[in-house]
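Written below as structure tokens is the structure these notes are about.
Ligands are counted one by one from 1 in listed order, and the atoms in each one are counted from 1 as well. Sequential numbering from 1 along the given sequence is applied to the chain's residues. Computed from a prediction, not measured in an experiment: that's the story for all the values here.
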Amino acid sequence: VSALPERSWAEIDSAAIRHNVRALKAWAGSSEIMPLVKADAYGHGMLPLAHWFEDSGCHWIGCASVHEGRALRDAGIRTPILLLSGFLPQELDEIHRLGLTLTLSSPEEARQAAATAKRRRRPLDVQVKIDTGMGRLGVAVPDAPALIRASWNSPHLTLTGVYSHYACADSDRAFTRRQWKAFQSVVSPAGIPRHICNSAGMFTLPESSGDIVRPGLAIYGICPQPRHQPLLRPALTWKSRVVAVKTVPKGTTLSYGATFTTPRPMRIAVVAVGYGDGLFRSLSNQGEVLCRGRRCRILGRVTMDQILIDLTRVPSTRKGDEVVLLGKQGREEILASAMAAKAGTVAYEIWCHITDRVKKIYI
Ligand SMILES: Cc1ncc(COP(=O)(O)O)c(C=O)c1O
């Protein structure tokens, strides 16, 4: 059986990940790095990335669900795993069995966790989360000391951290400062790690880095502060191929809805990628791709399997040529954050949107 060429694929670069771990460690001083691998490692592939993080010397990993935690343990990840989202009582036995670290947001949750640990005759690792302004999970600041004390004093719980989460670190420094102050106002037992920083927090308020930082966006290579982007290397390059090239006369309408009409004779290419691969349809007549090292506009609507692009600047393009949707080609680069700005979303969603039809290749 001969190997078929891929039509839409993502190359994920371990050297970029190692670089980002090193760069963020250097940036955060003495803080430990807890990379987040939730949502399939932000679309990069949870299991290979978790192994890369473990091999890069990260002593913590963060995930969102017990399902993710189970997949990580089944794949042999031994590193402590913090379950960042809430839990359901029915999940406690499995959380305990897998040795995941539970996030506690209320005395009721602490009681349930302790009862499970007591019945199973082994303490459960927990971290207390404080709501300092995100309004999602976490105990209110005035109630935090009691919950920390209860977790610390319980013979069935092992308190391994106290943490909070920034809501606006990428947009509102004053708000972020207030969250940091509120977090600092809650005392925790000496030696218990404290953490609050996501990627944006690390750059907006580096003095709040604490014992651990929890980068997601930045560990995959996008910096929330554009001026620091050169510190990081995007790990994911998304590619496709030209499947047809043609010259069409002036006045030709392109793609569904005929939203683009050629103002002159134009050389265009059909590229084998569409919203079925996760390319945002909102990039219709907005997005760009790289072809032969130059930026080329997306013309007309993004369809399920194909897009049309403008070859005015690269008329010698041929069928089979590689096209870059995200990443570098020649001297040009398209960042997930730049694509997101054109698509009306955030880099996170650009990555999470990439579908299984896009083969992931780990380099
Ligand atoms: C609790 C928590 N910490 C850290 C992060 C990482 O955020 P970012 O990817 O912006 O660094 C997230 C992401 O949503 C989160 O929910």
Side-chain angles (χ1 to χ4, degrees), residues 17 20-21 23-25 27-28 31-44 46 49-50 53 58-66 68-69 80-87 100-105 109 126-139 160-173 175-176 179-180 182-183 193-206 208-226 228-229 231-236 335-337 340 345-353:
I17 291 292
N20 296 338
V21 170
L24 292 174
K25 266 195 177 146
W27 179 266
S31 315
E32 295 265 5
I33 308 274
M34 180 194 294
L36 296 200
V37 298
K38 62 199 176 107
D40 205 24
Y42 290 43
H44 291 62
M46 183 174 73
L49 273 286
F53 291 132
C58 297
H59 300 310
W60 279 98
I61 281 178
C63 74
S65 72
V66 187
E68 290 172 346
I81 297 171
L82 177 60
L83 203 56
L84 295 156
S85 49
F87 65 93
L100 306 178
T101 302
L102 195 63
T103 293
L104 295 181
S105 297
E109 288 186 353
V126 297
Q127 298 209 359
V128 168
K129 184 163 194 184
I130 306 170
D131 181 10
T132 56
M134 178 68 182
R136 199 169 57 176
L137 292 179
V139 62
T160 67
V162 171
Y163 77 103
S164 187
H165 187 47
Y166 284 139
C168 320
D170 54 354
S171 57
D172 189 336
R173 207 182 145 82
F175 191 103
T176 306
Q179 282 197 267
W180 171 229
F183 185 56
R194 295 170 62 94
H195 48 106
I196 190 167
C197 277
N198 52 3
S199 303
M202 291 179 68
F203 289 89
T204 301
L205 222 56
S208 67
S209 289
D211 301 303
I212 301 173
V213 289
R214 308 188 304 265
L217 188 69
I219 209 84
Y220 301 107
I222 294 294
C223 190
Q225 283 197 357
H228 292 302
Q229 181 58 44
L231 278 179
L232 303 173
R233 280 168 53 187
L236 184 147
L335 295 174
S337 45
T345 182
V346 288
Y348 308 76
E349 201 186 8
I350 293 288
W351 288 326
C352 284
H353 222 63

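Near Tyr42, the atoms of ligand 1 lying under 4.0 angstrom from a non-hydrogen atom of the residue are 6 (C), 7 (O), 8 (P), 9 (O), 13 (C). Taking a cut-off of under 4.0 Å to the non-hydrogen atoms of Leu217, the atoms of ligand 1 that pass are 8 (P), 9 (O), 11 (O). Within ligand 1, the atoms closer than 4.0 Å to a non-hydrogen atom of Pro215 are 11 (O), numbered from 1 in the order shown.
Looking at Leu36 against ligand 1, only its side chain comes within 4.0 Å, counting heavy atoms. The backbone and the side chain of Arg214 each have at least one atom closer than 4.0 Å to an atom of ligand 1 (non-hydrogen atoms only).
Scanning the protein for heavy atoms near atom 10 (O) of ligand 1, the closest one is Tyr348 OH, 2.5 Å. Closest to atom 7 (O) of ligand 1 among all protein heavy atoms lies Asn198 CB, 3.4 Å. The protein heavy-atom contact nearest to atom 11 (O) of ligand 1 is Ser199 OG, 2.5 Å. Closest protein heavy atom to atom 15 (C) of ligand 1: His165 CE1, 3.4 Å.
Among residues two or more places apart in sequence or in another chain, the side-chain hydrogen bond (donor to acceptor under 3.5 Å, both in side chains) test is passed with Ser199 by none.
At under 3.5 Å, not a single nitrogen or oxygen of Lys129, backbone or side chain, sits near a nitrogen or oxygen of ligand 1.
Here the straight-line distance linking atom CG of Leu217 with atom OH of Tyr42 works out to 7.0 Å at 0.5 Å rounding. From Ser209, atom OG reaches atom CZ of Arg194 across 13.5 Å, with rounding to the nearest 0.5 Å. One distance of note links CH2 of Trp180 with OG1 of Thr132; it measures 10.5 Å at 0.5 Å rounding.
For the pair Ala218 and ligand 1, no heavy-atom separation below 4.0 Å is found. By the 4.0 Å heavy-atom criterion, Lys38 is counted among the residues contacting ligand 1. Ligand 1 has at least one atom lying under 4.0 Å from a heavy atom of Arg136.
Contact check for Leu104 versus Val139: no side-chain heavy atoms found under the 4.5 Å cut-off. Looking at heavy atoms from C-beta onward, Cys63 lies in side-chain contact with Leu83 at the 4.5 angstrom threshold. Residues Thr103 and Tyr163 are in side-chain contact: their nearest non-hydrogen atoms beyond the backbone lie under 4.5 Å apart.
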